[in-house]
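Notes follow the structure.
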Amino acid sequence: MPVIPLTAQVQWSIPDIPWGAISPELVLFGTGILVLLLETAGPHRLRASALAFLAAAGGAAAGYGLTGEVTWPALLALAGLAQLALTATWRERPRVLSALLSALGIVATLGVVAWQWQTLAGGELLATQSGLADMVAVDGVALFTRVTVLLAALVSIPLGWSYLETRRIHRAEYYPLLLFAAVGMNLLASSQDLLMVFISLEVLSLALYILTGFAKRDLTSQEGALKYFLLGAFSSAILLYGIALSYGIAGTTNIPAVGAAVAAADTPAALAVIAMALLIVGFAFKTALVPFHMWTPDVYQGAPTPVTGFMAAATKAAAFAAFLRIFVGAMGASQWSWIPALWTLAAITMLVGAVLAVVQDDLKRMLGYSAVAHAGYAAIGLIAATREGVSGTLFYLLVYAVMSVGAFGVLSMLERRQRRAVSISDLAGFGKRFPVPAGMLSLFLLSLAGIPGTAGFMGKLAVFRAGVFAGQWVLVVIAVLSSMIAAFFYIRVIRAMFMDDEPDDLETFELEPTPGLSAGLAASAAIIVVLGVWPTVVIDLAEQAAAFAG
Amino acid sequence: MTEIPILTLLIVIPAVFAGLIGLMSAESRESIRAVALVGTLVTFGASLAILPGFAVGEPGFQLVESAPWIPAWGVTYLVGVDGVSLLLVLLTTFIMPLVVLAAWDHEAGAKGFFASLLGLQAAMVGVFVALDLILFYVFFEVMLVPMYALIGIWGGANRRYAAVKFFLYTLVGGLLMLVAILYLYFAAGAQSFAYEAILGVELSTTEQTWLFLAFFAAFAIKVPLFPVHTWLPDAHTEAPTVGSVILAAVLLKIGGYGFLRFSLPYFPEASTTLAPPILVLAIVGILYGALVAMMQSDIKKLVAYSSVAHLGFVVLGIFALDVTASAGAVVQMVNHGITTGALFLLIGFMYDRTHSRVIADYSGLMKATPVFGGLFLVTAMSSVALPGLNGFVGEFPILLGTFQTYPWAAIAAVFGVILAALYLLWAYQRMFHGPIEGRAEGMTDLNAREIGVMAPLVILMVAIGLYPQPLYERVTPTVEAIVIGVEEAGVATEEPGDLSVEAAAEEDSQ
């Protein structure tokens, strides 16, 4: 076991940084900073801007003094100057600019991911390649999850724009926070080291805590943010304990090394099990597996609706990617220790999520509980611990991201109309008045219910098939039971929209979908239908991405 | 290859027309219904093109088309027809233009309504021609959505309850089937979901029983078989006229089709063992349906329960495991589609005029509306299996064949025939004979369009009744192959008794 001599002279060497490996995060992060800088510009913000300029100038000077480098400090100083100039001259900055920039940044990141996929795959399967001193893995799971996260973030931008505008809580920080959360998720998906897992988890969580409380005059939003923060911090601590114990076993936090150490014969089984249990609990919080789901309904209900959609979809995708890499990838050899635990969690999650969703009247809460159930479905692929399982989970999460962002998106539109939370009875007659958004919501709900012809069915088929392959019959049957229960409440919403009569005392109202919102929803709906009818290409990509599980 | 993929076209054409309607303005009701009519007529015309290419006397699948779909999972787009599906496809394409014509004056939400009809048609044809289990499942479930909409949006007073019940019942059955499909796929080497790839898979007795039950759940609900029939009277009664027609004519047939296509060939042993209890359920359905029908005061409910009874005959014929009976069951499925479809249409025409379906509200309709009365009489006669009409040529072989294998079942079922005559003719007598009273007063007779809708149906009733040969010569070879397959498998598995025990033990240890 390597012992680090504390007194010895520590040789600091900057690791060879493979910029290509973390290029998606860099692009996203850069965009985030840019948007943030831009936001400080404005008529009332000259003082803040001057401060920022001073900071930049100071940083540049310090950088030059310490390293003797010219390029980077000069660039930094230039950025500060440009920002100050912008603030002074450009007084009527259109608000849509940040949204556009963020969207462009995400598209660019998607492009970078595609480039990575091209070069690293070389048209063939990917093996896990590590970079940045083994901190970051560049493999299919990372790439596929990045795509999922980025898609969800991309759609959340126009949805958020319209929503925040009408609720008059449009503050500039929305876009940078969204981008930073996406950075965290991207990093989490590619973490190859438990510390990296922890750091990226914190990055994304911090951004999400703030986003949850974004409607700062709304009490439920505040409540959600506080709950999310407290429980999130709690779960982070548990995860950190798990990481510490793993380090105790392996002497390193590198994930494959930890996996090998846990599987080693001389490792005390009890220690391994406890470490694993703590890791599982930590992740179960983030993925909202029952009984660690307690925060979900409140947070999902309180958060601004587009944020909820993003949170439900993207966090889950990223956390499952880490789940996959740690458990299926590294700890495949010690399956005996974690499969039963996860099996139990998944089974309870599917049933409890579905049953509790049935009794909800508030739509956001209902979708919140349904998100819990869906985490259970996605976990089937994880428990299968095979290549089919990994690809199934990846595919499922992508599909889930699109349908959940879409469903919450339509909901956010409705909420603006109602100016309050939407219950199922509020939807009565909605379909007759506004057939297009109601039809879209129905499509998303049918997809969530797993009706064929929609992507949701293909996703379920993927994970069920993986479960069957791994001999997890009981789990698949439980999933089917859960789907039966779940169908009931999805159908109930559709029934309310199209079949119930409009209440007489309803005030007249208009829906004014902005072009961005319409485009976002239409794109989600199109993806759902296309993946439902012709999922071949994406499934092949998921299969490719799952190569590391052998 | 320049061969026209005719079966694919039968799915694509209605789907395209449904999309076309989706693009039209909701205001233009006239053009929407015209597009719907053209769409269904074109599909019907195209479906007739199957006939010359279909070799009579061949038991297997013909006109097979295939294309890769999801190769990574072994899912293929594979369609084809045999004798059984041929008839059901033609029945579907034949009924649909009539349905559109019958709904010609439909007003509320015409766009969604006609688009649902065409979407439904695409899925129904798909169910009958799909030769890949996933493809089949996709069509099987997709169908739910437009039907759910038809019942729930355009149905009667209690439509929401009926629609949700219909949806959930069918979905539950379907999901059980999905698990069984996955199991079969896995047992067959996990290479392909194609129908024939799974056909030869070896299964232990326990496996067969469970899988049989899972498929049975899906199809028994669909047929519907007693005691899972309770969704049907609700759905039938609440659905708009054309919804009831489609439900009776096509949707219920999917259950019978599923038994023949999947249950018997895949699980011959379980089918043989479980046939007697299923026959009992079928007979209970026949008698119970008939008795409950007799008690109904609402004519539409009466016909709905009569469907339960008629479909009981179909199940009886299939599980009698006799070629004559099974062929009769297939023909009877077609007959029931035509006859019960016609009954629902007539009741719909009447309801449009008087807004009542209560039997006691009418008297003397024969005098008030002679054309309507005449058509109703012919249809009722067909329903009670009067010789010379189509009902007879289906029901009689069923009883005949069943008598060969399970005489007790045939004898019990005969009472159902008698009861059928009783409840329908009694209702007929109350409504159509006697002095003109109640809502019959001032009721106008059928108009040209309605007669036009009924004419092809009545012509078919007579034509099939007099000359059923074209139907039987296409169905019998297919059915014969299925039934012989079951018998052979039954013989083969009887001898090595401990083999199945071993397999069961193996399963336990998994």
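Numbered from 1 within each chain, the chains take letters A, B, ... in sequence-line order.
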- Item | Nearest non-hydrogen partners of A/M499 and B/A163, listed with the distance | SD-CB, 4.4 Å
- Message: Does the plane of the ring in A/F395 sit parallel, tilted or perpendicular to the ring in B/W73? Use 30° and 60° as the thresholds.
- Response: perpendicular
- Message: Just verifying a value: how many Å separate A/L446 CG and B/E141 CD, rounded to the nearest 0.5 Å?
- Response: 11.0 Å
- Contacting region of A/L481 [heavy-atom separation from chain B under 4.5 Å]: neither
- Report the relative orientation of the aromatic rings in A/F469 and B/Y185; use parallel for angles under 30°, tilted for 30 to 60°, perpendicular for over 60°. tilted
- If you count heavy-atom pairs under 4.5 Å between each of B/V138, B/L144, B/L176 and chain A, which one has the most? B/V138
- Task: Working to the nearest 0.5 Å, report the span between CG of B/L175 and NZ of A/K460.
- Result: 7.5 Å
- Looking only at non-hydrogen atoms, find the nearest pair between B/Y137 and A/P452 and report the distance. CE2-CG, 3.8 Å
- Item | Whether B/Y148 side chain and A/I491 backbone form a donor-acceptor pair below 3.5 Å | yes
- Side chain, backbone, both or neither: which part of B/L171 has a heavy atom under 4.5 Å from chain A? side chain
- Query: Is there a donor-acceptor contact under 3.5 Å from the side chain of A/R495 to the main chain of B/V164?
  - Reply: no
- Task: Against chain B, label A/A449 side chain, backbone, both or neither, depending on which of its atoms sit under 4.5 Å from a heavy atom there.
- Result: neither
- Task: Look at atom OH of B/Y161 and say whether more than 12 heavy atoms of other residues, nucleotides or ligands are closer to it than 6.0 Å.
- Result: no
- Task: Can you measure from CD1 (B/I70) to OG1 (A/T536) and round to the nearest 0.5 angstrom?
- Result: 5.5 Å
- Message: Could you go through A/F488 and B/L168, starting from their C-alpha distance and side-chain angles, then the distance that decides it, and tell me whether this counts as side chain to side chain contact (heavy atoms under 4.5 Å, CB included)?
- Response: CA-CA 7 Å; A/F488 174 73; B/L168 291 181; 3.5 Å; yes
- Item | Step-by-step side chain to side chain contact (heavy atoms under 4.5 Å, CB included) determination, B/V179 to A/F464 | CA-CA 8 Å; B/V179 178; A/F464 288 0; over 6 Å; no
- Just how far is it from atom CZ of A/F498 to atom CH2 of B/W154, taken to the nearest 0.5 Å? 8.5 Å
- Message: Under 4.5 Å from any heavy atom of chain A, what part of B/I134 do you find: side chain, backbone, both or neither?
- Response: side chain
- Check whether any side-chain heavy atom of B/Y183 lies under 4.5 Å from a side-chain heavy atom of A/V476, and answer yes or no. no
- Minimum heavy-atom separation for B/A72 to A/E543, with atom names? CB-CG, 4.1 Å
- Message: So for A/V533, is it side chain, backbone, both, or neither that comes closer than 4.5 Å to the heavy atoms of chain B?
- Response: backbone
- Message: Does any backbone or side-chain atom of A/F457 lie under 4.5 Å from a heavy atom of chain B? Answer side chain, backbone, both or neither.
- Response: side chain
